[in-house]
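Every chain is numbered from 1, with letters handed out A, B, ... down the list of sequences.
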Amino acid sequence: MRVTTSFPLGTLRDTPSEAEIISHQLLLKAGYIRRVNSGIYAYMPIMLRVIEKISAIIEKELNNIGCTKLLLPQLHPADLWKKSERWEGYTAGEGIMFNLKDRQGKEFGLAPTHEEVITSIASEIISSYKQLPQCFYQIQTKFRDEIRPRFGLMRSREFIMKDAYSFHSSGNDLALFYERVGRAYENIFKYCGLQTVGVEADSGAIGGASSKEFMVTADAGEDSILFTQSGSYAANIEKAVSIPSKPIPLQENISGWLETPQQKTILEVCKNNNLEASQIIKVVVFLAKFEDKSEVPILACIRGDQHINEVKLFNFINKLKSSNLLNLHKIEDKKIIEKNLVNFPLGFIGPDLDNKIIKENSNWDKTWTRIIDNSASSLSKFISGGNKVNFHKVYQKYSFASKDYLIEDIRNAKKGDKIKTSDDEQLKETKGIEIGHIFQLGQKYSEKLNAKFSDKDGQLKNLWMGCYGIGVTRIAQASIEQNYDQKGICWPIQISPFEVIIIPTNLKDPTQRELTEQVYKIFKINKIDVLLDDREDRAGVKFKDAELIGIPFQIIVGRDSVNNEVELICRTNNTKLKISANKLLETFISESEIMYNKYS
RNA sequence: CGGGGCGUGGCGCAGCUUGGUAGCGCGGGUGCUUUGGGAGCACUAGGUCGCAGGUUCGAAUCCUGUCGCCCCGACCA
């Protein structure tokens, strides 16, 4: 490719002010992407080459384990999503799916994911266990109406994703395949030059039994990961389970009421009354809204020194009813409180809060659904709200087990916690960018969409399914987050748009011009991804651009041309080799081999 | 949805407090010079100042409304 005739660069002199994190700034400044709207980007030619390289790595690894590529529609009929009972949740509830009507008034959604479509198609194709297992994948644009798009391609409303769906005759076969995909993913990320960690994860709205996320560790990450140094445990904070520290027992002599004026937080109560946070039980009120329009008020209790994990709470509440839980919010809004509750002592609520404070004419359930975290359920003497404004009280011989309380893990694990009682190893915390997620879906979708096969015994059974995603555009940006310096991007060679860039310093010099053309021709003939910066600009401009766009090798054709010599520069460590043009190709091949092998 | 900020040429910004009809740097074009680290000089093109009302002899500037974008939070395969 020549910069002047076929590959304009479009680099910027200044960093656009909209970008906050380094990878986003560099993508814009180096001309890889252009913003069209909030969360919507154009991938410029140089970006497309990165996307294609990543895609090729993914395809190779997936084909290796027997997956088959196809391409599914992006416009999905609502009917299909209603069959899987996700239409309401994805449109009205979380509202993550863009949806629209055609001229006939028929409803459609722009696909955020493809379980429904692939399951309905697979069920038409697969009729016998003899055809199983089967795994289809595609690399395609997905749409999600993100509540707040940010960080460029990290959380955008339109993004490229590889999604794969596997079909099996048994849960056991699914589990085996799931592991194979996990290993293929590790290869893919390694070949992309990324440092990743696999963590246990919440399966969220997709559902299913087991799921694992692959995280690029980076400070700019939106997820928190808890892990042990030894590698024995790693989980997303949404999912992580740990052993809480021991509570400090309450003094024997303390009893009765505590006047706690204006002390609404645990910290204030502790400070003013000489208490430890672990001696207090915190009661948080939530409202759960279900797909069948029912609204259930929740009392969630946890030890004062711990935090409620709303993902765990959401999942637990979702299991309590047959209807799908659409959303779960803290009850804080004054208008909502006034409308549904009488004399609600916000900030001073205790675990024995009466059901009678829910107004008769409220459309909420008339009893609190009471849930207590494991960490607090065994406490019998503790401080909590007195259900009276400005008062807390000492609860004695209180038994949650006998008081309609559901006992469950709804607690955030945190750094410093232990994983096992027998082991002193403590959890550490880091930030991560989710670039892959694999799920064992089980039979959730095949049941809903009636996707069956004939098993060996002649019986019709539901297909077992797995699904597996990789954020292709997200990998590109996450990779920059791990590979840059003051001058710009430093691509791992596997996913770099070009392997090498040729920079002639002065094209008016006929010797240089001729040598440049000669070198370019040899590289092209040898199928090396080479970019020729044949602009008539000054050398400095071309050096800066080459560094900014991050091509791993530069060939400088300059003043040594008279001796038939050029320089080969490595972008990452800035090593310079002055070599004869005759030996350039061979040297380049061996140097680039070294770099390729670094990641495999 | 709550809080904050910003909309002025392709990019980065000044001008707004105190109204007088738009400017700087970079980038683009042409010419000459220069040529191994974002060149110099000269000329040049390019803007309904987000949009709509209002106040005023006169609005980028003041007022009202509205739209959009960015950041923090809430939220989130």
Side-chain angles (χ1 to χ4, degrees), chain A residues 8-21 24-25 28-29 31 34-40 86 89-90 93-97 111-115 142 144-152 154-157 159 161 163 201-208 211-215 222-223 236 238-239 310-311 314-315 326-330 332-336 433-439 441 467-471 474 487-488 503-509 512 533 535-548 554 556-561 566-567 569 574 576 578:
Chain A
L9 287 179
T11 53
L12 304 174
R13 191 64 163 266
D14 304 299
T15 305
S17 58
E18 69 197 48
E20 202 69 8
I21 63 173
H24 186 196
Q25 291 174 346
L28 288 166
K29 190 177 180 198
R34 308 277 311 182
R35 193 181 64 80
V36 172
N37 203 280
S38 177
I40 302 175
R86 289 208 298 176
Y90 269 74
E94 297 309 336
I96 199 122
M97 181 155 66
T113 173
H114 282 74
E115 282 80 9
K142 294 276 185 287
R144 287 185 197 174
D145 188 1
E146 292 288 347
I147 194 164
R148 180 147 93 85
R150 61 182 127 179
F151 303 147
M154 287 296 190
R155 184 164 296 279
S156 51
R157 297 195 288 175
F159 57 98
M161 184 174 177
D163 49 328
D202 177 63
S203 52
I206 298 280
S211 96
K212 188 174 179 183
E213 284 171 339
F214 294 84
M215 298 283 195
E222 295 185 85
D223 289 288
N236 190 309
E238 292 176 348
K239 173 85 175 184
E310 292 190 25
V311 174
F314 185 101
N315 289 338
L326 289 181
N327 58 50
L328 179 70
H329 291 289
K330 276 188 195 159
E332 288 171 321
D333 189 81
K334 273 185 189 162
K335 281 182 196 157
I336 291 176
I433 300 162
E434 179 192 352
I435 53 165
H437 201 157
I438 59 178
F439 302 79
L441 295 174
C467 81
Y468 319 90
I470 290 181
R474 205 183 252 191
K487 295 172 181 170
I503 305 171
T505 58
N506 183 3
L507 280 170
K508 292 212 175 100
D509 174 351
Q512 287 189 27
D533 191 348
R535 289 177 296 178
E536 299 268 351
D537 279 294
R538 297 163 66 87
V541 173
K542 295 195 265 192
F543 292 152
K544 292 283 185 201
D545 272 347
E547 284 155 353
L548 179 60
Q554 301 160 7
I556 315 296
V557 183
R559 54 198 164 208
D560 300 318
S561 300
V566 299
E567 284 168 276
I569 299 179
N574 207 30
K576 274 185 204 173
K578 191 186 277 191

Inter-nucleotide [atom1] distance ([N], [M]), Å rounded:
N	M	atom1	result
rG37(B)	rG23(B)	P	36 Å
rG46(B)	rG29(B)	P	16 Å
rG4(B)	rC76(B)	C1'	22 Å
rG12(B)	rC1(B)	C1'	32 Å
rC67(B)	rG20(B)	P	30 Å
rA22(B)	rC71(B)	C1'	29 Å
rU55(B)	rU61(B)	C1'	13 Å
rG65(B)	rG40(B)	P	48 Å

- Item | Atom pair distance, as rounded to whole Å: CG in Asn236(A) and P in rA77(B) | 11 Å

Opposite nucleotide pairing with [N], Watson-Crick or G-U, both atom distances under 3.5 Å:
N	value
rG68(B)	rC6(B)
rA14(B)	none
rA42(B)	rU30(B)
rG47(B)	none
rG73(B)	rC1(B)

Which part of the nucleic acid, if any, lies within reach of [X] when heavy atoms closer than 4.0 Å are counted: base, sugar-phosphate only, or nothing?
X	result
Lys508(A)	base
Glu310(A)	sugar-phosphate
Ile503(A)	nothing
Thr15(A)	sugar-phosphate
Glu222(A)	nothing

Enumerate the protein-to-nucleotides 70-73 of chain B contacts in which both atoms are nitrogen or oxygen and the separation is below 3.5 Å.
unit_1, atom_1, unit_2, atom_2, d
rC70(B), OP2, Ser38(A), OG, 3.0
rC72(B), OP2, Arg148(A), NH1, 3.1
rC72(B), OP2, Arg148(A), NH2, 2.7

- Nearest-neighbour nucleotide for the Ile96(A) side chain, rA74(B), rG36(B), rC76(B) considered: rC76(B)

- Item | Exercise: identify the closest heavy-atom pair between Gly39(A) and Ser156(A) | O-CB, 3.3 Å

- Message: Testing the basics here: between Phe314(A) and Asn327(A), what is the closest heavy-atom pair and its distance to 0.1 Å?
- Response: CE1-CA, 4.0 Å

- Task: Run the salt-bridge test on Glu213(A) and Lys239(A) with the 4.0 Å N-O cut-off and return the result as yes or no.
- Result: no

- Message: Quick check: on RNA chain B, is the nucleotide nearest Arg34(A) upstream (toward 5') of the one nearest Lys576(A), or the reverse? Name the residue that is more 5'.
- Response: Arg34(A)

